[in-house]
Amino acid sequence: MISIFKKISAVSLVLYSLVGLSLAAQDGTNAYNFLNITSSSKIYGLGRVNISLVDDELSTSDQNPALLGSEMSGQIALNYMHYVGGSNFAGLRFAKAAGERGAWSAAVRYFGYGSISEALPDGSIVGSISPKDVAFGGTYSHDITDRLRGGIGLNMVYSSYAEYSAFAISTDLGINYYNDERDLSLSIVAANLGGQVKRFDQSYDRLPFDLRIGWSQSFGTFPVRFSITAWNLTKWSLPYIEAGDGSADKEPEIKDSFKSNLFRHLVFGADLISSENFYIGLGYNYKTRTDMATYSRNMLSGFSLAAGINVSKFSVGIALAQPHTGATTFMLNLNCNLSELIN
């Protein structure tokens, strides 16, 4: 009889592949890929990854701790995401200024993957499990100069899969350069540094360490800001499996060309910035498209859409994406400033 732990590991592998991030199912090199899921609907709509978007929305700082600033002091942000298979994610974040040039924030995030049947090797169902991950985080940023800001983020991660549990510590380091005269933003982030403190069992699971470079800029009076984010920069080769057309004559094959590797490292985004009262954003993530591809093509896979409005003292943002033919994801953000509400 195989152990319960092996069954749980198999289930978690499926869950991470469904989320469609770095994908343990593709490269099998690490776990904790949920740490790459943004809590910002705007970022999710701009391709899921963006480390250079200078904005007054608190949730965007989870991509880069250097995007946190004193201008976000007093903000509280709530986020909710519904994914396929009963998966539901939620989070809460609060920020406060720290002196004249600094800021800090605290956050808690929950990742629930629904109820999953637990079966014996003979196929008989013996119960169900509800795997989950919880991350408690803190971030500090400091203005080094008028245009340069650095930041550090710390996450303590607790994972519970049936009677097994694990604990890990993750750190993000980021720096951002912003020229407001040109609306030019450049960022570098070292994400998910750290490791496990308590293991599930005997095996050690690595965190999805990543190096990222980001660029965002608008041009003149044209009311659109463009973004390009390069991620997964710790290695060049990111092969994927081409599913074929579903026929017996066309078997799946591994794709590892220069062109496919280049675009699997890049995420593209564009958002409308003509008004402070609303925004619309569009993103394209080629890695998501190829990771989640099936022989039954989905033209929307890889694309994502975000929109938001400012209503009185609140802002509301939503994002939609269909990374897989059987999965339509939805994300919601609510943001407000507590000091403005009190006053």
Tyr284 and ring-ring contact (aromatic ring centres under 6.0 Å, His included): which single residue from Phe268, Phe303, Phe226 fits?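 The ring-ring contact (aromatic ring centres under 6.0 Å, His included) with Tyr284 is passed solely by Phe303 among Phe268, Phe303, Phe226.
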Give a yes or no on this: more than 12 heavy atoms of other residues, nucleotides or ligands lie within 6.0 Å of atom NZ of Lys259.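 Not buried by this count: 12 neighbours or fewer within 6.0 Å.
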I'd like to know if Lys42 and Asp55 make a salt bridge, using a cut-off of under 4.0 Å between side-chain N and carboxylate O.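 Here Lys42 pairs with Asp55 in a salt bridge, since their nearest N and O are under 4.0 Å apart.
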Could you tell me if [Y] and [X] have a donor-acceptor pair between their side chains, going purely by distance under 3.5 Å?
| X | Y | result |
| --- | --- | --- |
| Ser185 | Asn176 | yes |
| Ser52 | Ser187 | no |
| Ser59 | Asn79 | no |
| Tyr178 | Asp183 | yes |
| Tyr161 | Asp133 | yes |
| Glu57 | Ser40 | yes |
| Ser73 | Ser70 | no |
| Arg212 | Thr229 | no |

Which of Asn155, Asn33, Thr171, Asn36 passes side chain to side chain donor-acceptor pair (under 3.5 Å) with Asn192? Answer is Asn36
Examine [X] together with [Y] and report whether their ring centres are nearer than 6.0 Å.
| X | Y | value |
| --- | --- | --- |
| Phe111 | Phe34 | yes |
| Phe258 | Trp236 | yes |
| Tyr164 | Phe200 | no |

N/O donor-acceptor pair under 3.5 Å between [X] side chain and [Y] backbone:
| X | Y | answer |
| --- | --- | --- |
| Gln75 | Leu58 | yes |
| Arg264 | Leu238 | yes |
| Thr290 | Tyr286 | yes |

Filter on side-chain hydrogen bond (donor to acceptor under 3.5 Å, both in side chains), then keep only pairs touching residues 88-106, sequence neighbours left out; what's left?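 Pairs touching residues 88-106 that pass the test: Tyr80-Asn88, His82-Asn88.
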